[in-house]
K.L.:
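Handing you this structure, nothing more for now.
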Protein chains: 2
Amino acid sequence: MRSDNATIYDIASDAGVSIATVSRVLRGETNVSAVTRKKVQDAIARHNYRPSSIARGLMSKSTHSLGIVLPKLLNPHYAMIFTGAYEEARKMGYSMSLFPWSSIDTRAYDPATMLVERRLDGVIVCVEYLSPDHDEQVLASLQELKHFMPVVLIGCVPPWYDFPAVTNNNAAMVREIVAYLVSLGHEKIAFIGGVQEDKDPLRRDVGYEEGLRDARLPYTASYRVYGKGTAEAGEKALGDMLDSLKPEYWPTAVIALNDLVAMGCQAAARKRGLSMPKQLSIIGCDDLFCAPYLYPPLTSINTRQQATGARAVQLLISGEDKRETVEWELVERASCAKTK
Amino acid sequence: MRSDNATIYDIASDAGVSIATVSRVLRGETNVSAVTRKKVQDAIARHNYRPSSIARGLMSKSTHSLGIVLPKLLNPHYAMIFTGAYEEARKMGYSMSLFPWSSIDTRAYDPATMLVERRLDGVIVCVEYLSPDHDEQVLASLQELKHFMPVVLIGCVPPWYDFPAVTNNNAAMVREIVAYLVSLGHEKIAFIGGVQEDKDPLRRDVGYEEGLRDARLPYTASYRVYGKGTAEAGEKALGDMLDSLKPEYWPTAVIALNDLVAMGCQAAARKRGLSMPKQLSIIGCDDLFCAPYLYPPLTSINTRQQATGARAVQLLISGEDKRETVEWELVERASCAKTK
DNA sequence: TCAATCGATGTTAGCGCTTACATTATAATC
DNA sequence: GATTATAATGTAAGCGCTAACATCGATTGA
C-alpha cells in the first residue's frame with residue numbers, strides 16, 4: 001500500500017497490459033473494457049501510483065497551472081484577490097502558483113524567467129502604480145511576458161495598457177465617496193492618496209477632484225497628500241497635515257486611499273485628541289477583515305476582491321481579450337458621521 | 001527579440017554547436033571555451049530562449065519547487081508564515097506553490113494527489129487542531145504524503161506526530177502571559193481558547209491552567225471558553241461570558257487565543273460599556289499588522305511567523321529530521337494595564 | 001464465405017531536456 | 001615524432017508520459 005514511485009510501465013506490466021491502455025484509463029477514455037479497466041485500477045491502487053504531471057506536461061504542452069503576481073501577500077487586500085483567483089482556478093481544474101511582486105521586479109532576475117521557465121498556461125498580474133520610471137519598466141516586462149503566455153491584469157490599470165483586465169473605476173468610486181461625505185454635511189474633505197501621477201484618468205486622485213467640483217467645493221492643496229499606502233504612511237500624512245494647519249482649518253472628513261491608510265489616520269487623529277467620528281470622519285477603501293473592529297468601526301468601500309480574482313481567472317482561461325470593471329459597495333459603519 | 005518558443009535544438013543549430021554544449025552553458029558548466037559560450041549566449045538572446053523546467057524536471061528528477069499547505073491565507077498569520085517561507089525558498093533557488101488547506105482536505109480529492117502529481121521536492125504543512133476525528137484523518141494524510149516527499153510541519157504540533165517540525169511551545173507561552181497579567185495585579189483572568197482537546201501537552205489551554213497554578217489562583221470554569229479562533233467567535237464568547245456573569249465577577253483580564261479573537265473581545269467589551277484597559281485588559285497572540293491600530297493598541301505575542309516559515313524551509317531542504325521550537329516575544333502596548 | 005467494420009489493445013515516436021560516454025582537438029611528456 | 005594526458009565538444013539514450021497509427025479478433029452484411 002505504500003508508494004514505490006512506480007511509473008506507467010510498472011503499472012502496465014503489473015496489470016498485464018500495455019502502457020497505452022494504462023494511459024487510457026488514467027485519462028478516463030471510454031474505449032477500454034470493464035475487466036481491463038479494473039485490472040489497471042487495481043494495479044494503480046496496489047502501487048499507490050500517481051501519474052507525473054511533469055511528464056504529462058512535457059507531451060501535452062499544457063501544465064494546467066496558472067500564476068498570479070502580486071506586490072505582497074501581507075496586505076490582506078491581495079490575500080483576498082489571491083483567494084478568489086485560487087478558488088476559481090481550482091474549480092476549472094487548474095493549479096495556481098503565487099509570485100510576490102518583489103521577485104519579479106528585481107533586475108537580477110529577469111521578470112519573465114520564472115514564469116516562462118515553468119511554462120505556466122497563463123498569468124494574472126496585479127499592477128500597482130509606483131513611479132513613472134517603474135511604470136514604464138513594468139509595462140515593458142508585461143509586454144514581453146505576453147509573448148510567452150496569456151496575461152490578465154488586475155487593479156487600477158491605465159487605459160493605454162493593452163491587456164485584458166479586471167479593473168476598478170477608482171475615479172468614479174472616490175467621486176461617489178466625496179458625494180457621500182458632502183451629503184453628511186462635510187465641506188473640508190481631505191484626501192490621503194497614493195503615489196502621485198498624472199496620466200491615468202481612472203485613478204482615485206482624479207475622482208477626488210471631480211467630486212469636489214461636483215459639489216462646488218474649493219480644492220485646497222493642503223488637504224491633499226500623496227503617500228505610500230501603508231498604515232505608517234497614513235499616520236504620518238494626516239499627522240503632518242493636522243500639525244501644519246490651525247485647528248479651525250482642520251478637515252472634518254478624510255478619504256483614505258485604503259483601509260491601511262485609514263487605520264493610520266485613526267491613530268494620528270487619536271494622538272491629537274480628536275474624537276471620532278464627532279470631530280473627524282474617516283472613510284477607507286477595501287473593507288479589510290479588521291475594518292469592523294477598528295475604533296470607530298471603519299466605513300469603507302468593498303471592492304469585491306475575491307470576485308475580481310475569480311473573474312480574472314475566467315478571462316485568462318477563456319482567452320477573452322476584454323476589460324471589465326467591477327462594481328463596488330459602500331459599507332457604512334460608525335466612522336463617518338453627520339457634521340454637527 | 002521576440003519569443004518563438006525555441007527549444008534547445010533551435011539554439012544549438014543557430015549557434016552551430018550541439019545541444020550538449022548548449023545545455024552546458026545553460027547550467028553554467030566551466031568546461032566550455034569562451035568563444036563557444038559567447039556564440040551560444042548570443043543565440044539564446046536572439047531567440048529569447050528560456051529552458052523548460054518541465055523537461056528539465058523530467059530528467060533530473062527534481063522540480064526545485066516546494067509546496068506549502070495552510071488553512072487559509074485570509075488570516076494574516078498564515079500570510080506571514082507563507083511570506084517567510086517563500087523568501088527563504090527563493091534564496092535557496094526553489095519556487096514555492098501554495099495549497100490552501102481546504103483543497104487538501106476535501107475527500108473528493110485525495111490529499112496527496114495534487115502535491116504528488118506535481119512532483120514537488122518537499123512540502124510544508126501548517127497544522128491546526130480542529131477535532132479528534134479530523135486530527136486522525138490529517139495524521140493519516142500526512143503519513144501517506146511522507147511516503148512521497150519530505151514533509152515539515154509548522155504550528156502547534158503534538159509530540160506524537162513523528163515529523164520534523166518548527167513549533168511553538170504554546171503552553172509555556174500562555175503560562176508566561178498569565179504570569180505577566182498577574183504581575184499587573186490581575187486575579188480574574190479569562191481565557192478564550194480554541195477547539196477543545198486533551199492530548200497535546202503543548203497547547204495553550206494547558207499553559208493557562210499551569211499559569212493559574214503557578215500564581216496560586218483558582219481555576220474558574222466560567223472564565224474559560226473554547227471557540228473557533230475567529231473575531232466573530234471571540235466577540236460572541238466574551239459577550240456570552242459577560243452577559244452570564246454578575247459584573248462583580250467579570251474578569252479583569254482576558255487572554256485571547258489570537259489577535260483575531262482579541263479584536264472580537266474588544267468589540268464585545270466596548271458594546272457593554274467597559275472601558276479598556278481600565279476595566280478590562282486584553283492580550284492577543286500573533287501580533288498582526290493591525291494590532292497597533294486597534295483601540296486600545298493591542299498587547300500581543302510576536303510569534304516570529306516569518307522566521308518560522310523560513311526555518312521550516314531550511315529543515316525541508318537540508319533534510320534534517322528534527323523538531324525546533326521558536327522563541328516568542330511579548331509586545332507591550334496599551335491594552336493591558338495594572339489593576340487599580 | 002469473404003470483405004468491410006469496429007471495439008479493444010499494442011507499438012512506437014516523440015515532448016525538451018540531462019548525462020554517461022564517445023570522439024576529437026590541443027597540449028604536454030619523453 | 002610517437003604517446004599520453006587533458007580540455008572541448010558531440011552522440012545518443014533515456015526521463016514518464018501522450019497520441020497517432022497499427023494490429024487483431026469478433027461481428028456484421030451481402
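Below, chain A is the first sequence line, B the second, and so on; all start at residue 1. Every heavy atom of this structure was used, including side-chain atoms; hydrogens, water molecules and symmetry mates were not.
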K.L.:
Ignoring hydrogens and angles, state whether a donor on the side chain of A/Gln143 or A/Tyr161 is under 3.5 Å from an acceptor on the partner side chain.
P.N.:
no
K.L.:
Do A/Arg37 and A/Ser33 have a side chain donor and acceptor closer than 3.5 Å?
P.N.:
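No - no donor-acceptor pair under 3.5 Å links their side chains.
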K.L.:
Students should find this one: the first and last nucleotides of DNA chain C, 5' to 3', lying under 4.0 Å from a heavy atom of chain B. What are they?
P.N.:
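The footprint of chain B covers C/dG16 to C/dT19.
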K.L.:
Determine whether any donor atom in the side chain of B/Arg24 lies under 3.5 Å from an acceptor atom in the base of D/dG10, or the reverse, and answer yes or no.
P.N.:
yes
K.L.:
Report yes if a side-chain nitrogen or oxygen of B/Thr21 is closer than 4.0 Å to either non-bridging phosphate oxygen (OP1 or OP2) of D/dT9; otherwise report no.
P.N.:
no
K.L.:
Starting at the 5' end of DNA chain D, which residue's closest nucleotide do you reach first, B/Arg119 or B/Tyr9?
P.N.:
B/Tyr9
K.L.:
Using a heavy-atom cut-off of 4.0 Å across all strands, would you classify A/Ser60 as base, sugar-phosphate, or nothing?
P.N.:
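The residue A/Ser60 makes no contact with any strand.
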K.L.:
Starting at atom CD1 of B/Ile8, determine the distance to atom C1' of D/dG10, rounded to an integer number of angstrom.
P.N.:
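Distance, rounded to whole Å: 13 Å.
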K.L.:
Could you tell me if A/Arg323 and A/Thr167 have a donor-acceptor pair between their side chains, going purely by distance under 3.5 Å?
P.N.:
no
K.L.:
Pairs of donor and acceptor atoms involving the side chains of residues 309-320 of chain A, under 3.5 Å and at least two apart or interchain, shall be tabulated with distances.
P.N.:
residue: A/Arg311; atom: NE; partner: A/Glu324; partner atom: OE1; Å: 2.7
residue: A/Arg311; atom: NE; partner: A/Glu324; partner atom: OE2; Å: 3.1
residue: A/Arg311; atom: NH1; partner: A/Gln314; partner atom: OE1; Å: 2.5
residue: A/Arg311; atom: NH2; partner: A/Glu324; partner atom: OE2; Å: 2.7
residue: A/Gln314; atom: NE2; partner: A/Glu88; partner atom: OE2; Å: 3.1
residue: A/Ser318; atom: OG; partner: A/Gln314; partner atom: O; Å: 3.0
residue: A/Ser318; atom: OG; partner: A/Leu315; partner atom: O; Å: 3.4
residue: A/Ser318; atom: OG; partner: A/Glu320; partner atom: N; Å: 3.3
residue: A/Ser318; atom: OG; partner: A/Glu320; partner atom: OE2; Å: 2.8

K.L.:
State which residues pass side-chain hydrogen bond (donor to acceptor under 3.5 Å, both in side chains) with A/Lys38; sequence neighbours excluded, sorted by chain then number.
P.N.:
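Scan of A/Lys38 (side-chain hydrogen bond (donor to acceptor under 3.5 Å, both in side chains), adjacent residues dropped) gives A/Asp42.
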K.L.:
Return the value, rounded to whole Å, for the distance between atom CD1 of A/Ile19 and atom P of D/dC17.
P.N.:
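Rounding to the nearest Å, CD1 of A/Ile19 and P of D/dC17 are 9 Å apart.
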K.L.:
Of the nucleotides D/dC17, D/dG14, D/dT11, which has the atom closest to the B/Met59 side chain?
P.N.:
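Given the options D/dC17, D/dG14, D/dT11, the side chain of B/Met59 is closest to D/dG14.
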K.L.:
With sequence neighbours left out, what residues match B/Gln41 under side-chain hydrogen bond (donor to acceptor under 3.5 Å, both in side chains)?
P.N.:
none
K.L.:
When you compare the side chains of A/Ser95 and B/Arg118, does any donor N or O come within less than 3.5 Å of an acceptor on the partner?
P.N.:
yes
K.L.:
B/Tyr86 versus A/Phe99: any side-chain heavy-atom pair under 4.5 Å?
P.N.:
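Answer yes - side chains close enough.
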K.L.:
Near DNA chain D, counting only heavy atoms under 4.0 Å, which residues of residues 25-39 of chain B show up?
P.N.:
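When residues 25-39 of chain B is checked for heavy atoms under 4.0 Å from DNA chain D, the hits, listed by number, are B/Asn31, B/Val32, B/Ser33, B/Thr36.
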K.L.:
Between D/dC17, D/dC15, D/dT18, which one does the side chain of A/Ala55 approach most closely?
P.N.:
D/dC17
K.L.:
Whether A/Tyr49 contacts D/dC17 is assessed here as follows: a side-chain N or O lying under 4.0 Å from the phosphate OP1 or OP2. Is that the case?
P.N.:
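Yes, within the criterion.
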K.L.:
Partners of B/Ser13 by side-chain hydrogen bond (donor to acceptor under 3.5 Å, both in side chains), sequence neighbours excluded?
P.N.:
none
